[in-house]
2 protein chains.
Amino acid sequence: MTASPLATPRTDLGQLGTDPVFMLIRAGAVGRARGNEVLRKMGLKTRDYSIISTAATREITQKELADFLMLNPSQVVSLVDDLETRGLVKRTTSPHDRRAKIVVPTAKGEKVFAEARERLTQTHEVLFAPLSTQERETLLRILPQLAFPADLAV
Amino acid sequence: MTASPLATPRTDLGQLGTDPVFMLIRAGAVGRARGNEVLRKMGLKTRDYSIISTAATREITQKELADFLMLNPSQVVSLVDDLETRGLVKRTTSPHDRRAKIVVPTAKGEKVFAEARERLTQTHEVLFAPLSTQERETLLRILPQLAFPADLAV
DNA sequence: TATTGTTATACTCTATAACTATA
DNA sequence: TATAGTTATAGAGTATAACAATA
C-alpha cells in the first residue's frame, strides 16, 4: 500500500507546523470534509447544515446569518432559496422590521436537522478521539474566543 | 454607531455555538482574513505564504505540497507558476525522481518569507491575546492532532 | 439617508479529465 | 502500469454593484 499523504507532514511539518492559524484552518478543513462526507447521503453540505442548525435554535434573520456564518448576504439568499425549495425552511417577515426575513425550519427541516446533527456528532467522536477529556474541555472553552473575537468584525 | 455583527452571536450562539468543528472553521477563517489583510500590502495571500513558508523550511515537492496544504495538484501548479514569475521561488527537478519538482525559495523569496512571517506573528499576538499562556500551550499541543489526523487522508 | 433582501454579474477557488515524461 | 506535473475546462464558492421595499 502507499503511505497516507498525511503521514509525511506528521514527521516534519516545517515552519507552518508551528503556525496556530494554519492548523486551525487545516483542522477545520478536515472536520468540514468529514462532515460533508457524512451529510452527502442526505443531500446536504455543512454549509446547509449551518443554516438549518442556527435557524432551528435561534430566531435569526438572513442578515444575522450572513454575519454569524461569515457569508455574503447574497450567498444566504441562494442557500435559503435552495432550502426553501426543498421544504426544509421557510421565510417569515420580522414583525419588528418588515425588511428583515426570519428563517424558520419546517417540521421536515427539524427532522433533517436532528438526523444531521446526530451524524455530525458521531464524526466528532472520531475527530476528537486523540484528545483527553480535559483537552476537549479546554478546547471548547478556548474556541469561542478565537471564533468570535470581541474586537470588531473580520 | 452600529453594533458589531459579531456582538450578537457572542451572547446567543445557538446550536452551532457548541459545535467544535464549526468553531475551528470560523476561527481559521478569522485568522486567515487577518492574515490576508496584513499580507495584502506585500501582494501576497496566506495561500502564497503557505507555499513559500513550507518550501523555505523543508525540502518538498509539489505533490507533497498539495497533500500538506490540502490543495489540488493543479492548484499548486498555478500558485507556484505565479510565485516563480515573481521571482520568489524556483523549481528544481528531484535527483531521486525526475518526475518530481522540488520548490525552492530564491534569495528574494527568503526575504519576503521572513517579513511575511514577522507580520503574521504580530497578528497572532492579537488573535490569541484572550488566551492565557497555559491555554496557548494546550492549544498548540492539541491542534496538530486535529489538523493531521493519524487515520488516512481527508 | 441607511439598511434588508434580491438579482445579475464577475471573480476566485476547487475539481476533473486528458496528456507527457518519467518510474 | 502507475505517478508527478501540466493544461484546459467546468463547477462551486465568493464578492460587487444596483435596485425595491422599508426604516
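Everything quoted here is computed from the prediction, not taken from an experiment.
- Each of Thr61(B) and Leu71(A) was matched to the nucleotide of DNA chain D holding its nearest heavy atom; the match closer to the 5' end belongs to Thr61(B).
- Ring geometry for Phe22(B) against Phe148(A) counts as tilted: the plane angle lies between 30° and 60°, on a 0 to 90° scale.
- dG13(D) atom P lies 12 Å from atom CD1 of Ile51(A), rounded to whole Å.
- Take Arg99(A) and apply the salt bridge (charged side-chain N to carboxylate O under 4.0 Å, His left out) test, not counting sequence neighbours, and it matches Asp97(A).
- Between the side chains of Arg91(B) and Gln62(B), a donor-acceptor pair is found at a separation under 3.5 Å.
- Salt bridge Arg119(B)/Glu115(B): present, at least one basic N to carboxylate O contact under 4.0 Å.
- Atoms NZ (Lys63(A)) and P (dA23(D)) sit 17 Å apart, rounded to a whole Å.
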Give every pair of a protein N or O atom and an N or O atom of nucleotides 19-23 of chain C that lie under 3.5 Å apart, one pair per line with the distance.
{"unit_1": "dA23(C)", "atom_1": "OP1", "unit_2": "Arg98(B)", "atom_2": "N", "d": "3.0"}

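- Going from atom CZ of Arg47(B) over to atom C1' of dC13(C) covers 8 Å, rounded to whole Å.
- Atom-to-atom, CD of Gln75(A) to P of dT7(C) comes out at 15 Å; the value is rounded to the nearest Å.
- A salt bridge is absent between Lys90(B) and Glu84(B); no separation between the charged side-chain nitrogens and carboxylate oxygens falls under 4.0 Å.
- Rounded to whole Å, the distance from CZ on Arg32(B) to P on dA15(D) is 11 Å.
- Between Lys45(B) and dT12(C) there is no side-chain N or O to OP1 or OP2 distance below 4.0 Å.
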Atom pairs under 3.5 Å: protein N/O with N/O of nucleotides 6-10 of chain D:
{"unit_1": "dT6(D)", "atom_1": "OP1", "unit_2": "Arg91(B)", "atom_2": "NH1", "d": "3.0"}
{"unit_1": "dT6(D)", "atom_1": "OP1", "unit_2": "Lys101(B)", "atom_2": "NZ", "d": "3.3"}
{"unit_1": "dT6(D)", "atom_1": "OP2", "unit_2": "Gln62(B)", "atom_2": "OE1", "d": "3.1"}
{"unit_1": "dT6(D)", "atom_1": "OP2", "unit_2": "Gln62(B)", "atom_2": "NE2", "d": "2.7"}
{"unit_1": "dT6(D)", "atom_1": "OP2", "unit_2": "Arg91(B)", "atom_2": "NH1", "d": "2.7"}

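- Rounded to a whole Å, the CG atom of Leu79(A) is 13 Å from the P atom of dA15(D).
- When each of Leu88(A), Leu79(A), Val112(A) is checked for a side-chain contact (heavy atoms from CB on, under 4.5 Å) with Asp48(A), only Leu79(A) meets the rule.
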